[in-house]
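Before I ask anything, here is the structure I am working with.
Hydrogens, waters and symmetry mates are skipped; everything else that's a heavy atom, side chains included, is used. A note on names: the letters A, B, ... follow the listed sequences, proteins ahead of strands, and every chain is numbered from 1.
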Number of protein chains: 2
Amino acid sequence: MKKDQRPSYDHVPMVVIKRLPKYYRYLGELVEKKLERISSQKLAQMMDISASQLRQDLNHFGEFGQQGYGYRVEDLYQEIGKIIGLEYQYNMVIVGAGNLGRALANYSNFCLRGFCLWALFDIDPELVGLNVNGIGIKDISELHDFVADNNISIGIITVPKEAAQGVADRLVAAGVKGIWNFAPVDIKVPDSIILENEHLADSLMVLSFRLRGKMG
Amino acid sequence: MKKDQRPSYDHVPMVVIKRLPKYYRYLGELVEKKLERISSQKLAQMMDISASQLRQDLNHFGEFGQQGYGYRVEDLYQEIGKIIGLEYQYNMVIVGAGNLGRALANYSNFCLRGFCLWALFDIDPELVGLNVNGIGIKDISELHDFVADNNISIGIITVPKEAAQGVADRLVAAGVKGIWNFAPVDIKVPDSIILENEHLADSLMVLSFRLRGKMG
DNA sequence: CAAATATTGATATATATTTATCAATGATTA
DNA sequence: TAATCATTGATAAATATATATCAATATTTG
């Protein structure tokens with residue numbers, strides 16, 4: 001008998017994937033409001049997208065609605081959570097215990113959602129040994145063993161851009177499966193490693209572009 | 001005689017706009033390396049996109065290249081900077097002096113690039129009066145007058161999601177032109193206000209989705 | 001300085017994404 | 001329970017985006 005296997009959802013376009021968290025967010029609010037069901041029409045209106053897009057997006061992953069009735073809010077919320085992969089626990093480390101690294105470490109909500117931070121790393125001896133939100137800052141030399149020994153699957157990079165590629169290489173060598181990069185540079189990783197960039201300065205530039213016409 | 005007017009670049013698709021910072025970043029590196037010229041072919045290869053896309057993107061804004069020669073690196077860098085709007089000074093405030101707000105305040109590089117932070121605001125009396133990176137934390141009650149009196153064009157929201165919409169309303173009422181929102185919620189603003197969202201949790205979920213197949 | 005080469009910007013083609021439509025069908029109503 | 005209504009999921013059409021091609025032309029070479 002074939003082992004129960006998770007669907008792979010290959011061929012689902014990335015634009016669709018990027019909308020999943022938004023669906024999850026809105027459904028979460030509806031769950032809190034104890035709403036039992038909702039139509040694609042109404043949900044789409046709330047989210048300021050088209051009902052067609054909403055239904056088509058969901059249909060990439062299965063048939064979750066009932067004709068003439070709509071979607072059961074709680075069920076759909078759970079299903080999307082599973083699709084996103086939120087039933088897993090992801091163990092994480094942050095490399096770079098500067099302001100941003102420490103800010104992320106303090107954002108303890110992540111851990112509640114299955115994204116669990118176990119350590120920060122830094123090269124600065126002044127920082128090593130300190131504690132952020134109950135999480136220790138270790139010397140970068142300990143990175144490899146810590147990642148390997150503690151089943152760390154995500155490495156978060158919050159170092160200056162000059163150091164980012166080196167850190168990425170070390171994280172990959174140590175065995176992380178994914179990298180969340182906040183350094184303002186495009187790092188290179190093997191195809192098998194999942195890379196998500198958070199280029200804050202880029203967003204600010206997009207804001208700048210869009211503001212141009214409105215400036216004094 | 002018609003006043004020299006900045007082009008509006010309406011009808012340029014948002015996907016193209018979002019790539020501009022990346023072009024700017026790579027060209028900046030080439031400028032530092034004192035490279036004089038580059039072809040779309042080579043630059044595209046460096047950036048891991050197609051040469052066709054690069055040329056087509058640039059042609060939305062003008063003709064910057066020379067046939068048989070390529071693009072002058074320094075010129076193109078400057079031009080893209082202007083297109084993005086980096087010759088303006090944007091005055092900014094942060095509302096929410098928690099970890100993330102303070103981390104952003106500490107990231108003083110922004111100010112060098114024309115994005116100048118003038119104050120943080122918070123509701124917590126414990127924080128009001130403190131100083132972050134030389135920038136004072138003020139009481140939220142002072143927000144309106146400060147924004148209005150100091151030609152603040154960008155408001156950065158780093159408060160919990162429950163407070164985000166209220167803060168956005170106050171920023172808009174006080175006269176900001178754009179909002180950079182880090183709260184994990186979709187806030188509503190008038191059409192005339194430019195809104196950029198930085199939904200960090202959403203990115204982490206996309207990472208989660210893409211990691212699914214690779215987990216234990 | 002003429003010929004060969006490189007490279008753009010424009011256009012055409014292909015692909016991807018979004019939106020509109022509607023038959024099928026379960027829910028609701030009388 | 002039969003008739004009506006609401007809403008999905010699928011398909012088709014429209015739109016947007018990316019890629020390939022190539023004539024035009026500036027640069028480089030011999």
message = Between B:Asp186 and A:Arg25, does any NZ, NE, NH1 or NH2 come within less than 4.0 Å of an OD or OE carboxylate oxygen?
response =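 A salt bridge is present here (some side-chain N lies under 4.0 Å from a carboxylate O).
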Measure the distance from CD on B:Gln67 to P on C:dA10 and round it to the nearest whole Å.
->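 Checked: the CD to P distance equals 9 Å.
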Quiz item: How close or far is atom P of C:dA16 from atom CG of A:Asp57, stated in whole angstroms?
Solution: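 It is 16 Å, rounded to the nearest whole Å.
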Could you tell me the separation between the CG atom of A:Leu54 and the P atom of C:dA20, rounded to a whole number of Å?
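Distance check: A:Leu54 CG to C:dA20 P gives 14 Å.
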### Message
Hydrogens and angles aside, do A:Gln41 and A:Gln45 bring a side-chain donor and acceptor to less than 3.5 Å of each other?
### Response
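Judged by distance alone, the side chains do not pair up.
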*Would you mind reading off the distance between B:Gln53 atom CD and C:dT15 atom P, rounded to a whole angstrom?*
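Between P of C:dT15 and CD of B:Gln53: 16 Å.
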>> Under 3.5 Å, is there a donor on one side chain and an acceptor on the other for B:Asp169 and B:Gln165?
In response: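 Checked: B:Asp169/B:Gln165 side chains pair up, N/O donor to acceptor below 3.5 Å.
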message = For A:Ser203 and B:Glu196, which I'm curious about, is there any donor-acceptor pair between the side chains at under 3.5 Å?
response =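 Judged by distance alone, the side chains do not pair up.
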Check: Rounded to the nearest Å, what distance is computed from the CE atom of residue A:Met14 to the P atom of nucleotide C:dT17?
Finding: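 From A:Met14 CE to C:dT17 P: 10 Å.
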For atom CD of B:Gln41 and atom P of C:dT5, their distance in whole Å:
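From B:Gln41 CD to C:dT5 P: 18 Å.
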Task: 5' precedence on DNA chain C between A:Val16 and A:Arg37 (nearest-nucleotide basis) - done: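 On the 5' side of the pair lies A:Val16.
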- [ ] Heavy atoms of chain B, cut-off under 4.0 Å: which first and last nucleotide of DNA chain D, 5' to 3', fall inside that, if you could look?
- [x]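 Contact boundaries, 5' end first: D:dT17 to D:dT28.
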| message | From CD1 of A:Ile49 over to P of C:dA20, roughly how many Å is that when rounded to an integer? | response |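 Taking atom P of C:dA20 as the reference, CD1 of A:Ile49 is at 13 Å.
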Inset, instruction - Please determine if A:Arg212 forms a cation-pi arrangement with A:Phe209, meaning its NZ or CZ atom is less than 6.0 Å from the six-membered ring centre and no more than 45° off the ring axis. - result: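 Geometry flag: set, cation within 6.0 Å and 45°.
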Just checking, is any N or O donor in the side chain of B:Tyr107 or B:Asn133 under 3.5 Å from an acceptor N or O on the other one?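 Side-chain D/A pair, B:Tyr107 to B:Asn133: absent.
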How close or far is atom C1' of C:dT11 from atom CD of B:Gln56, stated in whole angstroms?
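Value for this atom pair: 9 Å.
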message = Is the positively charged end of B:Arg37 above the ring of B:Tyr69, judged by distance under 6.0 angstrom from the centroid and angle within 45° of the axis?
response =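 Geometry flag: set, cation within 6.0 Å and 45°.
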Report which part of the nucleic acid A:Ser52 touches: base, sugar-phosphate, or nothing (heavy-atom distance under 4.0 Å, all strands).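 Here A:Ser52 touches the bases of the nucleic acid.
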inquiry  = Checking contacts here: which listed nucleotide (C:dA10, C:dG26, C:dA27) is nearest the side-chain heavy atoms of B:Arg55?
reply    =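 The answer is C:dA10.
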